Amino acid sequence: MYWHLHGHTMNNCEWFSTRNLDIAANLTDGMFKGIYNGKQYHVSDIAEVLKRAWEAGVERIIVTGGSLKESKEALAIAETDGRLFCTVGVHPTRCKEFEESGNPEHYFQELVSLAKEGVQNGKVVAIGECGLDYDRLQFCPADVQRQYFEKQFELADALRLPMFLHMRAAGKDFCDIIEQNRHRFISGVAHSFTGCAEDRDQLLKFDNLFIGINGCSLKTVENLQVLAGIPLERMMIETDAPYCEIRSTHAGAHYIKSVWSSKKKEKYDPGCTVKNRNEPCFVRQVLEVVAGQRGIEDVGSLAKTLYANTCRVFFPHDLDTMAGVVLGDDCNI
């Protein structure tokens with residue numbers, strides 16, 4: 001398998017010398033079933049999407065759960081491959097589901113049971129996606145979001161799991177709740193970060209929190225300036241696929257070196273990515289933008305740092321094996 005990289009090609013051996021993890025992939029989304037805005041354009045292609053990720057050197061993917069139903073689907077997907085893991089939790093915009101279920105406590109206990117099952121199977125690695133989103137209050141009022149954000153700390157505390165967090169236009173309330181509950185979770189990541197410098201600095205005051213970067217974090221010059229103030233030892237990278245791709249109009253796009261062939265969904269080709277649909281293999285592009293913005297030439301070294309950060313939070317039992325790389329006999333590095 002080959003990818004074009006600004007005038008030359010890179011084979012599998014070179015790619016496997018750079019280890020990546022995608023901490024956020026919404027593989028339960030209809031786009032990976034070929035459904036866009038309710039219309040079927042092509043067959044389900046999760047297998048092809050994962051094949052591209054593995055061939056591109058992505059070693060593990062965390063599938064995001066955003067509701068009880070979605071968390072069940074995420075766990076089912078995670079159980080299909082040893083390199084897939086997932087979260088269990090309720091996204092802030094869907095917290096009305098607790099009350100709409102007719103029995104909020106029963107809904108919560110179903111989350112508890114599901115998370116316990118996933119932990120026993122070695123698949124659930126975090127509680128979330130949970131947090132606050134004041135940009136989309138039309139989906140769930142702020143008071144309901146706050147109530148059930150706090151509720152999910154019970155789950156993290158009971159299972160001693162890290163938290164996979166969402167913060168959008170709610171910096172003060174989010175940090176206040178984190179502060180009040182910091183003893184109830186071991187660590188976490190504020191994923192898909194798009195906040196300002198003040199938001200960044202508030203998050204960095206919590207020594208057990210990391211910041212997740214994806215294409216939405218890299219749109220503007222201001223975004224890149226905020227990114228520059230995140231210590232590498234407090235950063236993780238992600239795609240948030242099928243959303244948050246890095247587009248050619250984004251401020252960081254000129255740092256991208258890795259390019260995949262793509263076709264529109266109307267002309268679907270299983271050997272190509274779908275135009276304007278993000279997927280886990282593109283986490284490499286996020287790595288390249290972070291490296292370019294920081295002036296880091298050794299992308300492999302940066303990847304190791306970010307890989308180690310991710311393992312500390314989600315895969316602590318693997319910290320002693322981070323230096324090892326499984327390579328084919330024909331790879332000479």
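Positions are given from 1 along the sequence. Nothing here was measured: the structure is a model prediction, and the numbers come from that model.
For the side-chain contact (heavy atoms from CB on, under 4.5 Å) test with Ile237, the passing option among Asn309, Leu302, Leu306 is Leu306; the others fail. Each of Val63, Thr239, Asp240 was compared with Asn26 under the side-chain contact (heavy atoms from CB on, under 4.5 Å) criterion, and only Asp240 meets it.
Electrostatic pairing of Asp176 and Lys172 counts as a salt bridge here, judged by a charged N lying under 4.0 Å from a carboxylate O. Looking at Arg94 and Glu70, a side-chain N of the basic residue comes within less than 4.0 Å of a carboxylate O on the acidic one, giving a salt bridge. With salt bridges taken as basic N to acidic carboxylate O contacts below 4.0 Å, one links Asp45 and Arg277.
Applying the salt bridge (charged side-chain N to carboxylate O under 4.0 Å, His left out) criterion to Glu110, with sequence neighbours excluded, gives Lys72.
Scanning both residues, Leu203 and Cys175, for their nearest heavy atoms gives CD2-SG, 4.2 Å. In terms of heavy-atom proximity, Val125 sits nearest to Pro162 at O-CG, 3.1 Å. Between His191 and Ala24, the shortest heavy-atom distance links the atoms ND1-CB, 3.8 Å. Among all heavy-atom pairs drawn from Pro92 and His166, the shortest one is CG-CD2, 3.7 Å. Residues Val189 and Phe314 approach most closely at CG1-CZ, 3.7 Å, considering heavy atoms. Across all their heavy atoms, Gly229 and Pro231 have their closest contact at O-CD, 3.4 Å.
With Trp260 as the aromatic partner, Arg52 does not meet the cation-pi criteria of under 6.0 angstrom to the ring centre and within 45 degrees of the ring axis. Relative to the ring axis of Phe98, Lys151 does not place its NZ or CZ within 45° and under 6.0 Å from the centre. Geometrically, Arg184 does not engage Phe153 in a cation-pi contact, judged by NZ or CZ lying under 6.0 Å from the ring centre and within 45° of the ring axis. A cation-pi arrangement is absent between Arg182 and Phe206 under the rule of less than 6.0 angstrom and at most 45 degrees off the ring axis.
Looking only at side-chain heavy atoms (C-beta outward), Val49 and Pro280 come within less than 4.5 Å of each other. Looking at Tyr134 and Gln145, their side chains come closer than 4.5 Å, going by heavy atoms from C-beta outward. The shortest distance between side-chain heavy atoms of Met235 and Leu227 falls below 4.5 Å. Within the 4.5 Å cutoff, no side-chain heavy atoms of Gln152 are placed close to those of Phe185. By the 4.5 Å heavy-atom criterion applied to side chains, Phe139 and Asp133 are not counted as neighbours. Between Lys116 and Val112, the closest side-chain pair of non-hydrogen atoms falls below 4.5 Å. A 4.5 Å side-chain heavy-atom check between Met163 and Ile178 finds every atom pair outside the cut-off. Proximity of Glu59 to Tyr307: side-chain heavy atoms (C-beta onward) are separated by under 4.5 Å at one or more points.
With hydrogens and angles ignored, the 3.5 Å screen pairs no side-chain donor or acceptor of Lys264 with any backbone N or O of Asn276. Side-chain atoms of Thr87 come within 3.5 Å of backbone atoms of Gly65 as a donor-acceptor pair (strictly under, hydrogens ignored). Without hydrogens or angle criteria, His91 side chain to Thr93 main chain gives a donor-acceptor distance under 3.5 Å. Side-chain atoms of Asn278 come within 3.5 Å of backbone N or O of Tyr243 as a donor-acceptor pair. Side-chain N or O atoms of Gln285 include one that pairs as donor or acceptor with a backbone N or O of Ser258 at under 3.5 Å. Under the 3.5 Å distance criterion, the side-chain polar atoms of Tyr107 are matched with a main-chain donor or acceptor of Leu68. At least one donor-acceptor pair under 3.5 Å links the side chain of Lys123 to the backbone N or O of Leu84. Not a single donor-acceptor pair under 3.5 Å links the side chain of Arg83 to the backbone N or O of Ile61.
The number of heavy atoms from other shown groups lying within 6.0 Å of CD (Glu198) does not exceed 12. The neighbour count for Asp298 CG, taken as heavy atoms of other residues, nucleotides or ligands under 6.0 Å away, is above 12. The environment of His183 atom NE2 is dense: over 12 non-hydrogen atoms of other residues, nucleotides or ligands sit within 6.0 angstrom. Annotation: Glu266, atom CD; neighbour count of heavy atoms from other residues, nucleotides and ligands within 6.0 Å is above 12.
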*Could you give me the CA-CA distance, side-chain angles and deciding distance for Glu279 and Thr273, then say whether side chain to side chain donor-acceptor pair (under 3.5 Å) is met?*
CA-CA 8 Å; Glu279 59 179 77; Thr273 64; 5.2 Å; no

_Val124 vs Leu75, side-chain contact (heavy atoms from CB on, under 4.5 Å): CA-CA, chis, key distance, verdict_ = CA-CA 7 Å; Val124 171; Leu75 179 56; 4.3 Å; yes

*Does the pair Glu288 and Lys257 meet the rule for a salt bridge (Lys or Arg N to Asp or Glu O under 4.0 Å), with working shown?*
CA-CA 7 Å; Glu288 290 168 349; Lys257 298 179 180 179; over 6 Å; no

_Check against side chain to side chain donor-acceptor pair (under 3.5 Å), Gln109 and Glu105_ = CA-CA 6 Å; Gln109 289 305 321; Glu105 185 58 30; 2.8 Å; yes

*asked:* Evaluate Lys69 against Glu97 for side-chain contact (heavy atoms from CB on, under 4.5 Å), listing each step before the verdict.
replied: CA-CA 10 Å; Lys69 178 178 181 291; Glu97 290 189 15; 5.9 Å; no

*Could you check Ile296 against Leu232 for side-chain contact (heavy atoms from CB on, under 4.5 Å), going step by step and ending with a plain yes or no?*
CA-CA 11 Å; Ile296 298 173; Leu232 293 179; 3.8 Å; yes

*Run the side-chain contact (heavy atoms from CB on, under 4.5 Å) check on Phe193 and Leu165 step by step: do they pass?*
CA-CA 10 Å; Phe193 179 75; Leu165 299 164; over 6 Å; no

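Both Val283 and Val299 sit in one connected hydrophobic cluster of ILVMFWY residues. Membership requires side-chain heavy atoms under 4.5 Å apart, directly or through other members. Cluster annotation: Ile77 and Met31 are assigned to distinct hydrophobic clusters (Ile/Leu/Val/Met/Phe/Trp/Tyr, side-chain heavy-atom contacts under 4.5 Å, transitive). No continuous path of hydrophobic side-chain contacts links Val226 to Val221 [ILVMFWY only; heavy atoms under 4.5 Å].
Ring centroid separation for the pair His42 and Tyr36 comes in under the 6.0 Å cut-off.
Distance CZ/Phe315 to CG/Leu21: 6.0 Å, rounded to 0.5 Å. In this structure, Glu79 CD and Cys86 SG are separated by 8.0 Å, a value rounded to the nearest 0.5 Å. The OH atom of Tyr148 lies 10.0 Å from the CG atom of Asp143; values are rounded to the nearest 0.5 Å. One distance of note links CG of Leu155 with CG of Leu111; it measures 6.5 Å at 0.5 Å rounding. Expressed to the nearest 0.5 Å, how far CG of Leu50 lies from CD of Glu55 amounts to 11.0 Å. Note that CZ of Arg200 and CD1 of Ile211 are 8.0 Å apart. Values are rounded to the nearest 0.5 Å.
Applying the side chain to side chain donor-acceptor pair (under 3.5 Å) test to pairs two or more places apart or on separate chains, those with a residue in residues 210-222 are Ser192-Asn214, Asn214-Glu238, Thr220-Asn223.
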